[in-house]
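Taking it in order: structure first as structure tokens, then the write-up.
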There are 2 protein chains.
Amino acid sequence: MIALRRLHAFVAVAEEGQMTRAAERLGMAQPPLSRLVRGLEAELGVTLVRRLPRGVALTDAGQALFEEARTVLARAGGIADTVRRVARGEQGRLAIGFTSSAALHPFVPGALLAFRAVQPGVRTELEEAGTMELIDALQQGRLDAAFVRTPVESIEGLVVDHVLDEPMVAAMPAGHALARNGPSPLPLPALAGEKFILYRRPAGPGLYDAIVAACHGAGFSPTIEQEAPRLTSTLSLVAAGLGITIVPASMEQIAMPGVTFRALLGCPGLFAPINLAFRRSGSSPIAMRFRDTVRRLANGRHGS
Amino acid sequence: MIALRRLHAFVAVAEEGQMTRAAERLGMAQPPLSRLVRGLEAELGVTLVRRLPRGVALTDAGQALFEEARTVLARAGGIADTVRRVARGEQGRLAIGFTSSAALHPFVPGALLAFRAVQPGVRTELEEAGTMELIDALQQGRLDAAFVRTPVESIEGLVVDHVLDEPMVAAMPAGHALARNGPSPLPLPALAGEKFILYRRPAGPGLYDAIVAACHGAGFSPTIEQEAPRLTSTLSLVAAGLGITIVPASMEQIAMPGVTFRALLGCPGLFAPINLAFRRSGSSPIAMRFRDTVRRLANGRHGS
DNA sequence: TCACGACATACCTCCAGGGTATGGAAATCG
DNA sequence: CGATTTCCATACCCTGGAGGTATGTCGTGA
């Protein structure tokens, strides 16, 4: 393997057209440089320079080496900087996952936008997937962080930041009796007797439990008509007239035809969280920067 | 500057995911490799690998170094081969110049074609210019070789190979009296009394002198009506009816309207040479290969 | 022909980098 | 739950390559 320093020296010789001056520029004496060039020639089995009375001239092979060496040196010279920038989290890749319901809340795209603005050297890669897939990807290192609805705190090797809570709203078929009472907030007990379609928790306690608990707190036990594996799919079932559901307010953004949303009144404890999950250890500096950014943004809206 | 061998070692560590195995692959003991990695980390001021109970895992910075190092190593690894191929004349650049009149003879494009077939790694660059410009470019090293009509042997620092001689033909206006006698060869004395338009030698003795000498040998002294700086431009003047000229037979290929060509009969010494000029010293191996190719081709047509 | 400029040779020195021996920590096994 | 295994880290030694100094050689130019 040709040592990089040799190439550097040879480039100096080629550029100066003279070994003596090149040696000076390299901060070394002339004889070692002379030997170095001969060493290169011996290693390659090729004459690189013609020794003239005044200075040296590159042969074709020398010219070729010169050009190759310059590109390699330029590339190699940038390595140290690049690596250091990556280490400081100023450059690199950040893979963020989120569930489709988390992506609906403006905070999530807002946080990504803010991070990209602060860290222009970082390439962000996004992935939308189910909670279980996200957890898997986190543990395997395919993702650096993931926005999820459920508190996955208890999952092995993961750590979770609570980002925000948002209110929940009732969603019912457009033709439903409760949909005709105008846009005023609905007291929770009004939903007693309705058939519920709920998102089944994929991991740990989630919205499902919160909703059931809130109904009990309001004095009734909800009738669970059906469960859905994804928050978004509950709305499809509502639109089909199978029942009503309670979803995070940001789900209204879907504006699904045939579904009417109504705010809920006085439901302590009935809110939908958004959390940001990381690996407990081995997270990249970039991931840590992203965590900081999200925390700062979350505090800026003081938990609203 | 990061030594290339260090990068090589680091790549091995990254690929093996384990220092012990990487050391084995590198043909060295484990402790030096361990130190080498620490040395890299110290030099960059960055942690490159996380030491795990089993093996090591790259940090973001380590991953970045890994990717950068691989590209640099790949490029550097090819250098030796490239340089050696260039030295053997199998790869590189060959700049060939020629006068417009030389380019008309099929031998010249034929030679270039043959050389490209034999040396596919060599990029040929062509330039058409006047004899003086070609000589300049040769001396300054911008060209490796040049096909010229005139024997530039005496020019300082150049050396010339005689490639071939071709017969010359008379060129006259289409309506000229001599043009009506059919395509049979014309004895040179028939041109006595005609007005001649001749190509003036730009350097050393050339066609001009050969033509004048041949006329004297045929018993008459030609009337020089006009001189032209380029062989091709004499034909324009002939077409304009200003006189007749004698040009290399390959000039017939121009098929200029208004010009009729007739072969000449029995003119010893009246022929047009094509020569190949090189720098006397410092020519590249590729240029020498081209010289060989041309010589072989020229011998193949045994001086015809 | 003498001085100068530039590359080559001879010889010495030193340290970067590799080797061996061994320690230490975490995972695995009986 | 020790014993063992498996890696990485540390300590110390040693060699070879790379650099320095002194000097030689060879054209060039005055």
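Chain letters run A, B, ... following the sequence lines, proteins first and then strands; every chain starts at 1. Fair warning: this is a prediction, and the values are worked out from it, not measured in the lab.
Contact check, B:Arg6 against C:dG17: a side-chain N or O comes under 4.0 Å of OP1 or OP2. Phosphate proximity of C:dA6 to A:Ser34: absent, as no side-chain N or O sits under 4.0 Å from OP1 or OP2.
Separating the CZ atom of B:Arg5 from the C1' atom of D:dA18 is a distance of 13 Å, rounded to the nearest angstrom. Rounded to a whole Å, the CZ atom of A:Arg51 is 17 Å from the P atom of D:dT28. The distance between atom CD of B:Glu16 and atom P of D:dC8, rounded to the nearest whole Å, is 11 Å. Taking atom CZ of B:Arg21 as the reference point, atom P of D:dT6 lies 12 Å away to the nearest angstrom. C:dA26 atom P lies 17 Å from atom CD of B:Gln18, rounded to whole Å. Protein atom CG of B:Leu33 is 14 Å distant from nucleotide atom P of D:dC7, rounded to whole Å. Between the CZ atom of B:Arg38 and the P atom of D:dA11 there is a distance of 11 Å, given to the nearest Å. For the pair B:Met28 CE and C:dA16 P, the computed distance is 16 Å after rounding to whole Å.
The nearest heavy atom of DNA chain D to B:Arg54 and to A:Ala3 marks one nucleotide each, and the one closer to the 5' end goes with B:Arg54.
B:Glu68 and A:Arg85 are not joined by a salt bridge, as no carboxylate oxygen comes within less than 4.0 angstrom of a charged side-chain nitrogen. Here A:Glu15 pairs with A:Arg70 in a salt bridge; the nearest charged N to carboxylate O distance falls below 4.0 Å. Ionic pairing of B:Arg93 and A:Glu67 is not present here: no N-O contact between side-chain nitrogen and carboxylate oxygen is shorter than 4.0 angstrom.
Nearest nucleotide to the B:Ala29 side chain, out of C:dA6, C:dG19, C:dA21: C:dG19. Closest to the B:Pro32 side chain, of the nucleotides D:dC7, D:dG19, C:dG19, is C:dG19.
No side-chain heavy atom of A:Asp144 sits under 4.5 Å from any side-chain heavy atom of A:Ile286.
Using a 4.0 Å heavy-atom criterion, one finds that A:Gly27 contacts the sugar-phosphate atoms exclusively. Backbone-only engagement by A:Pro53 is indicated by non-hydrogen atom pairs under 4.0 Å involving sugar-phosphate atoms exclusively. Among the protein residues, A:Gly39 comes within range of no part of the nucleic acid, since none of its heavy atoms lies under 4.0 Å from any strand.
B:Gln30 contributes a side-chain N or O that forms a donor-acceptor pair with the base of D:dA9 under 3.5 Å. Residue side chain A:Arg35 reaches the base of D:dG19 through a donor-acceptor N/O pair under 3.5 Å, judged by distance alone.
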Full working for side-chain hydrogen bond (donor to acceptor under 3.5 Å, both in side chains) between A:Thr131 and A:Arg149: CA-CA 8 Å; A:Thr131 305; A:Arg149 286 288 187 181; over 6 Å; no

